[in-house]
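Each chain gets a letter, A, B and so on, in the order its sequence line appears, and its residues count up from 1.
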Amino acid sequence: MPQAKNRQFLDFERPIKELFDEIEKLKQTAEKTKVDLSDSIRKLEDQVTEKRREITQHLTPWQKVQLSRHPDRPYTLKYIDKMCTNFVELFGDRNVKDDKAMVGGFAQLEGQTVMMIGQQKGANTKMRQLRNFGMANPEGYRKALRLMKLAEKFEKPIITLIDTPGAYPGMEAEERGQGEAIARNIYEMMRLKVPVICVVIGEGASGGALGIGVGDRVFMLENSWYTVISPENCSSILWRSWDQKEKAAEELRLTPDNMYQFGLIDSIVPEPLGGAHWDYTEAANLLKPKLVETLKELHQYSSEERIAKRIVKFGKMGFWNEVPA
Amino acid sequence: MNKEEDFEANLAGDEGQSEESKSGWFRRIKKGILTSTAEKKETPEGLWTKCPNCNFICTVTELRENIFVCPKCGHHHRIGSAEYFDILFNDNHYEVLFENIRSKDFLHFTDLKSYQKRLEETWAKTDITDSIRVAAGDVKEHHMVIGCMDFDFIGGSLGSVMGERISRAVDYSLANRAPLLIICKSGGARMMESAFSLMQLAKVSGKLSQLTDAKIPYISLLTDPSFGGISASFGMLGDLNIAEPGALIGFAGPRVIKETIKKDLPEGFQRSEFLLEHGFLDFIVNRKELKEKIATLITLFKG
């Protein structure tokens with residue numbers, strides 16, 4: 001969690017920033033004048049908590065999208081660090097290169113070995129570039145698949161953490177078969193013999209998300225989104241303008257609540273008051289028991305049962321009318 | 001090379017237009033009607049057609065006889081499911097399946113128009129019921145099931161109906177031990193179905209894995225254009241992935257890539273020949289040899 005003075009605030013988080021500024025002022029005054037202001041400070045801090053609650057209670061879909069992209073938001077490696085022990089990061093797709101936008105490796109979750117995989121974003125400009133803003137190339141998806149196959153071989157469950165604005169739309173990505181890489185992952189994940197849990201921890205955009213998103217259970221964090229296209233790109237194609245992203249976010253029904261109602265995800269994982277960026281440890285602590293408990297449940301089935309259920313689960317998705325012939 | 005086309009516009013449910021046809025109709029070089037009335041001949045509309053690649057003009061009948069391949073440059077014109085079924089099934093004899101499955105505006109999605117209205121307008125314009133038609137019939141000596149996309153139906157977009165029709169096509173394949181061919185022609189996902197359209201990738205992939213277990217061959221034929229969710233799922237998951245010459249195939253559309261890398265794309269980028277070169281196609285097939293090739297392959301799989 002960033003130090004209070006380094007915090008970044010979204011537009012709708014401004015009221016919290018103002019409270020923070022006031023607290024800071026009071027603290028300085030207290031120091032200068034040696035007057036005890038701790039009561040006032042405590043009151044303001046309570047107000048901060050209240051504001052955090054208030055803000056997340058009435059978020060528009062677009063604000064959820066903004067929260068999912070909050071610059072202070074924890075990313076995959078942070079969750080792994082906070083939830084797991086003995087994490088050993090593994091690199092490379094054994095083919096082209098190591099994709100820094102996709103990370104993974106063995107780790108222990110409550111003493112049980114699991115394969116953790118996820119897109120990784122950077123926390124500052126330099127790291128964001130290194131991580132390619134969480135947009136993986138084909139080698140990223142192939143690296144993920146390599147690790148999944150490794151987990152399958154040693155009968156270790158797989159947990160994927162999804163956080164991507166999309167698979168990278170670059171020239172080299174096309175040359176190396178971005179479509180094929182994602183298609184292969186979706187197909188192979190459907191057939192994995194080990195339990196697979198997928199969690200959208202931030203942005204879940206399109207094939208880039210689904211490329212590590214096929215599992216026995218799919219969860220979404222409270223302030224994440226998941227759909228077929230980013231609101232910006234949807235606006236540009238359907239509205240022929242970049243200005244309708246808020247409207248597109250609404251129309252796309254991309255929030256966890258919507259996705260749960262539609263039966264496209266299995267559960268919504270709560271975040272700390274105001275969003276995961278307020279407390280990384282708490283965010284991880286809210287997710288971890290859910291994972292542990294779900295793994296236990298999934299272990300009850302044979303691998304054949306799990307695969308059959310997985311195919312049925314995704315097979316049911318969709319809506320249509322059947323008209324009389 | 002083909003003129004650049006923004007095929008994403010078709011995903012909005014409107015006719016995609018090339019830059020040329022957009023501006024061409026009001027660009028007049030000389031003023032007034034120059035042809036004298038005496039010379040004017042009555043020509044029924046649609047009789048002549050111009051090749052978008054080489055501008056060769058021939059009659060539609062001529063083009064049809066040449067199975068919509070330009071007689072001059074070999075450009076493969078974009079055709080629909082009726083034409084492909086005619087090319088592939090013996091004596092144009094086939095049974096269309098699952099036509100009763102129709103799109104529904106479940107999310108009440110409204111962009112510039114409501115999805116419901118778009119659907120109704122599209123249905124009114126054409127007798128095609130959705131972006132893919134599935135049919136079963138004989139291709140030479142093989143009984144096959146073929147799913148073929150129609151680009152005219154909201155840009156061949158991938159929605160719940162396409163997912164469900166393909167799923168049932170797989171069930172038909174399994175029940176009849178009939179090989180499956182899917183002819184792809186799509187700009188990508190049907191955004192008006194939001195996450196439901198995305199999940200079709202997983203849905204269809206799951207069904208295809210049942211074909212794998214039953215050892216029934218599945219061939220994916222990629223035609224111009226095949227993008228987005230198509231290439232990120234069943235389009236690239238064939239036991240064989242083949243393509244027509246010159247077809248534009250990829251994950252991200254050329255416009256998006258151009259905007260991302262801020263550079264012009266090289267000639268031939270994302271064309272079938274480019275994909276073959278990079279190892280993502282088994283081969284490129286000329287439409288005239290399509291039926292023969294498919295039949296031979298199925299013979300080889302069976303033999």
Side-chain angles (χ1 to χ4, degrees), chain A residues 166-171 173-184 186-187 189-191 204 206-207 209-211 213-214 226-229 233-235 237-240 244 247-248 251-254 258-259 262 264 307 310-325, chain B residues 8-9 11-12 99-104 106-107 109-112 159-161 163-164 167 189 191-203 205-210 228-237 249-253 256-257 260-261 263 265 269-270 274-275 278-280:
Chain A
Y168 187 62
M171 253 175 71
E174 293 294 319
E175 280 170 12
R176 295 196 286 269
Q178 188 70 284
E180 197 274 344
I182 292 171
R184 187 64 48 202
I186 294 173
Y187 176 85
M189 286 186 88
M190 201 58 99
R191 297 166 69 85
S206 195
L210 194 64
V214 178
Y226 194 8
T227 189
V228 69
I229 188 166
N233 285 327
C234 182
S235 163
I237 297 176
L238 291 184
W239 280 268
R240 321 262 153 83
Q244 299 291 324
K247 176 92 173 106
E251 293 295 319
L252 285 166
R253 312 279 198 281
L254 42 62
N258 286 141
M259 291 291 285
F262 300 153
L264 299 180
I307 293 168
R310 222 177 276 155
I311 293 173
V312 171
K313 172 192 168 76
F314 285 93
K316 279 196 286 205
M317 293 177 183
F319 52 84
W320 58 85
N321 284 324
E322 294 204 25
V323 297
Chain B
E8 280 168 356
L11 293 178
E99 282 289 294
N100 61 323
I101 301 167
R102 303 292 169 84
S103 289
K104 177 176 164 183
F106 179 75
L107 300 174
F109 191 102
T110 305
D111 45 85
L112 297 175
S160 299
V161 169
E164 182 63 14
S167 295
M191 283 161 278
M192 304 83 168
E193 295 191 12
S194 191
F196 284 96
S197 85
L198 178 64
M199 295 310 159
Q200 303 311 307
L201 278 63
K203 171 171 175 166
S205 303
K207 292 303 287 184
L208 289 179
S209 95
Q210 294 179 333
I230 303 297
S231 85
S233 67
F234 50 87
M236 281 290 169
L237 288 174
I249 304 160
F251 176 69
V256 178
I257 299 174
T260 309
I261 64 171
K263 263 193 284 187
L265 301 172
F269 181 67
Q270 291 185 318
F274 171 93
L275 266 86
H278 285 89
F280 290 99

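- Contact count versus chain A (heavy atoms, under 4.5 Å) is highest, among B:Val161, B:Ile257, B:Leu208, B:Leu201, for B:Ile257.
- Of the two parts of A:Leu238, the backbone and the side chain both hold a non-hydrogen atom closer than 4.5 Å to a non-hydrogen atom of chain B.
- Residue B:Thr260 comes nearest to A:Pro169 through the heavy atom pair OG1-CG, 3.5 Å, listed as atom of the first residue, atom of the second, then distance.
- For A:Met189, no part lies near chain B; criterion is any non-hydrogen pair under 4.5 Å.
- In this structure a side-chain-to-backbone donor-acceptor pair under 3.5 Å is present from A:Thr227 to B:Ala195.
- Interface remark: of the candidates A:Ile186, A:Asn258, A:Val312, A:Ile186 forms the most heavy-atom pairs closer than 4.5 Å to chain B.
- Ranked by non-hydrogen atom pairs under 4.5 Å with chain B, the options A:Met259, A:Lys247, A:Arg184, A:Gln244 are led by A:Arg184.
- Distance OH/A:Tyr187 to CZ/B:Phe234: 15.0 Å, rounded to 0.5 Å.
- With a 4.5 angstrom heavy-atom cutoff, B:Phe269 touches chain A only via side-chain atoms.
- Put simply, the side chain of B:Asn100 does not reach to within 4.5 Å of the side chain of A:Pro324, judged on heavy atoms.
- Between B:Phe251 and A:Ala167 the shortest heavy-atom distance is CE2-CB, 3.7 Å.
- Taking CG of B:Asp111 as the start and OG of A:Ser235 as the end, the distance is 10.0 Å to the nearest 0.5 Å.
- Between atom CD of residue A:Glu251 and atom CE of residue B:Met191 there is a gap of 13.0 Å, rounded to the nearest 0.5 Å.
- For the options B:Gly253, B:Ser197, B:Ala252, B:Gly235, heavy-atom pairs under 4.5 Å to chain A are most numerous at B:Ala252.
- Here the side chain of A:Arg253 pairs no donor or acceptor atom with the backbone of B:Ser194 at under 3.5 angstrom.
- Here the CD-NZ distance, from B:Glu164 to A:Lys316, works out to 12.5 Å after rounding to the nearest 0.5 Å.
- Between chain B and the residues A:Glu180, A:Lys313, A:Met190, the most heavy-atom pairs under 4.5 angstrom are made by A:Glu180.
- Across B:Met192, B:Lys207, B:Glu99, B:Gln200, the residue that shares the most heavy-atom pairs under 4.5 angstrom with chain A is B:Gln200.
- No side-chain donor-acceptor contact under 3.5 Å links A:Glu322 to the backbone of B:Ile101.
- Only the side chain of B:Ile261 comes within contact range of chain A, judged by heavy atoms closer than 4.5 Å.
- With a 4.5 Å cut-off on non-hydrogen atoms, A:Arg310 does not touch chain B at all.
- Side chains of A:Ile311 and B:Lys203 form no contact here, defined as non-hydrogen atoms less than 4.5 Å apart.
- Side-chain contact between B:Ser103 and A:Trp320: absent, with no pair of heavy atoms (C-beta onward) separated by less than 4.5 Å.
- Here the closest heavy-atom approach between residue B:Ala202 and residue A:Val214 is recorded as CB-CG2, 4.2 Å.
- Atoms CD and CE, from B:Glu193 and A:Met317 in turn, are 14.0 Å apart once rounded to the nearest 0.5 Å.
- Ranking B:Leu112, B:Ile230, B:Leu237, B:Leu107 against chain A, the residue ahead of the rest is B:Leu237, based on heavy-atom pairs under 4.5 Å.
- Residues B:Met236 and A:Ala183 come closest through the heavy atom pair CB-CB, 4.2 Å.
- Listed options A:Gly207, A:Gly177, A:Gly166 were ranked by heavy-atom pairs under 4.5 angstrom with chain B; first place goes to A:Gly177.
- Ring-plane geometry between B:Phe196 and A:Phe319 is classed as perpendicular, the angle between the planes exceeding 60 degrees on a 0 to 90 degree scale with a lower cut at 30.
- Using a 4.5 Å cut-off between heavy atoms, A:Leu252 contacts chain B through both its backbone and its side chain.
- Across B:Phe274 and A:Glu175, no two heavy atoms sit closer than the pair CZ-CG, 3.2 Å.
- Interface check for chain A: of the options B:Ser233, B:Ser231, B:Ser209, B:Gly279, the most heavy-atom pairs under 4.5 Å are formed by B:Ser209.
- Contacts between B:Ser167 and chain A at a heavy-atom distance below 4.5 Å are absent for every atom of the residue.
- In this structure, CG in A:Leu210 is found 4.5 Å from CG in B:Leu198, a value given to the nearest 0.5 Å.
- Proximity to chain A (any heavy atom under 4.5 Å) is restricted, for B:Phe280, to the side chain, taken from C-beta onward.
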